[in-house]
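Along the sequence shown, the residues carry numbers beginning at 1. Just so you know, these numbers use all the heavy atoms, side chains as well, and skip hydrogens, waters and symmetry mates.
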Amino acid sequence: QVQLVESGGGSVQAGGSLRLSCATSGITYSSYCMGWFRQAPGKEREGVAVIGSGGGTSYADSVKGRFTISKDNAKNTLYLQMNSLKPEDTAMYYCAAGLSWGKTLIGVLAGYDGMDYWGKGTLVTISS
């Protein structure tokens with residue numbers, strides 16, 4: 001059974017940092033691409049960052065240079081390091097996984113290539 005459990009969310013002031021973690025089970029990282037998505041109140045879900053099975057990454061323009069996605073295959077954990085946080089980063093952040101075959105990182109980020117499994121989310125609130 002596949003499980004994705006996010007943690008690390010919280011409330012910080014603008015300019016601060018947070019590190020999100022996603023503990024996974026039932027996923028073979030060599031076969032899956034992983035990603036972080038977010039949904040702000042009243043807005044559609046958007047891709048934030050994705051990492052392929054081979055380690056390639058892709059980021060939304062709004063977070064480039066501030067966020068870093070990484071994974072630890074041995075610990076079965078996905079991370080999102082978020083620096084220089086802005087109030088507009090406030091959202092529920094979701095971890096997701098999908099079989100790599102047939103997907104592109106850009107397609108996953110844009111939502112064209114759907115992910116197969118989702119976590120329940122962790123809330124990030126940034127105050128000005």
Side-chain angles (χ1 to χ4, degrees):
Q1 184 178 359
V2 175
Q3 287 189 320
L4 290 76
V5 181
E6 303 94 336
S7 61
S11 298
V12 298
Q13 289 190 327
S17 298
L18 283 173
R19 187 195 196 200
L20 305 184
S21 299
C22 176
T24 69
S25 60
I27 291 175
T28 303
Y29 278 35
S30 60
S31 300
Y32 280 78
C33 60
M34 309 287 293
W36 289 97
F37 297 77
R38 68 186 181 186
Q39 187 167 18
K43 294 187 177 181
E44 293 188 354
R45 186 176 64 198
E46 63 175 349
V48 175
V50 295
I51 185 166
S53 56
T57 59
S58 185
Y59 295 90
D61 288 343
S62 60
V63 306
K64 280 181 182 176
R66 300 189 298 122
F67 290 11
T68 303
I69 188 171
S70 62
K71 60 180 179 176
D72 186 327
N73 292 357
K75 294 184 178 180
N76 293 322
T77 303
L78 179 73
Y79 302 100
L80 185 68
Q81 178 66 45
M82 305 187 295
N83 299 327
S84 302
L85 284 161
K86 304 175 180 180
E88 51 263 43
D89 294 319
T90 294
M92 186 71 80
Y93 283 71
Y94 298 92
C95 168
L99 282 168
S100 294
W101 188 86
K103 293 182 174 62
T104 66
L105 297 185
I106 293 177
V108 171
L109 196 66
Y112 300 137
D113 294 331
M115 299 295 254
D116 303 307
Y117 303 100
W118 293 83
K120 293 183 179 181
T122 186
L123 183 62
V124 172
T125 303
I126 312 301
S127 57
S128 57

Does [Y] offer a backbone N or O that forms a donor-acceptor pair with the side chain of [X] under 3.5 Å?
X: K71; Y: S53; value: yes
X: E6; Y: C95; value: yes
X: Y29; Y: T77; value: yes
X: W118; Y: L4; value: no
X: Y59; Y: I69; value: yes
X: T24; Y: N76; value: yes

Hydrophobic clustering (ILVMFWY, side-chain heavy atoms < 4.5 Å, transitive) - are [Y] and [X] grouped together?
X: L80; Y: I126; answer: yes
X: M115; Y: Y32; answer: no
X: V124; Y: V48; answer: yes
X: V63; Y: M92; answer: no
X: W36; Y: M34; answer: yes

Enter the distance from [X]:[atom1] to [Y]:[atom2] here, rounded to the nearest 0.5 Å.
X: F67; Y: L20; atom1: CZ; atom2: CG; result: 8.0 Å
X: L99; Y: I27; atom1: CG; atom2: CD1; result: 9.0 Å
X: I51; Y: C33; atom1: CD1; atom2: SG; result: 10.5 Å
X: K64; Y: S58; atom1: NZ; atom2: OG; result: 6.5 Å
X: T68; Y: M82; atom1: OG1; atom2: CE; result: 11.0 Å
X: S21; Y: Q81; atom1: OG; atom2: CD; result: 9.5 Å

Q: Using the side chain to side chain contact (heavy atoms under 4.5 Å, CB included) rule, take D113 and T104 through it: C-alpha gap first, then chi angles, then the decisive distance, then the call.
A: CA-CA 7 Å; D113 294 331; T104 66; 3.5 Å; yes
**Q.** Heavy atoms of other groups near I106 CD1, more than 12 under 6.0 Å
**A.**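 No - once you tally the heavy atoms of other residues, nucleotides and ligands closer than 6.0 Å, there are 12 at most.
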**Q.** Qualifying side chain to side chain donor-acceptor pair (under 3.5 Å) pairs with a residue from residues 88-97, counting only residues at least two apart or across chains
**A.**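 Qualifying pairs: R38-D89, R38-Y93, R66-D89.
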(Q) Give me the atom names and distance for the closest heavy-atom approach of S17 to N83. (A)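 Scanning both residues, the minimum pair turns out to be OG-OD1, 2.9 Å.
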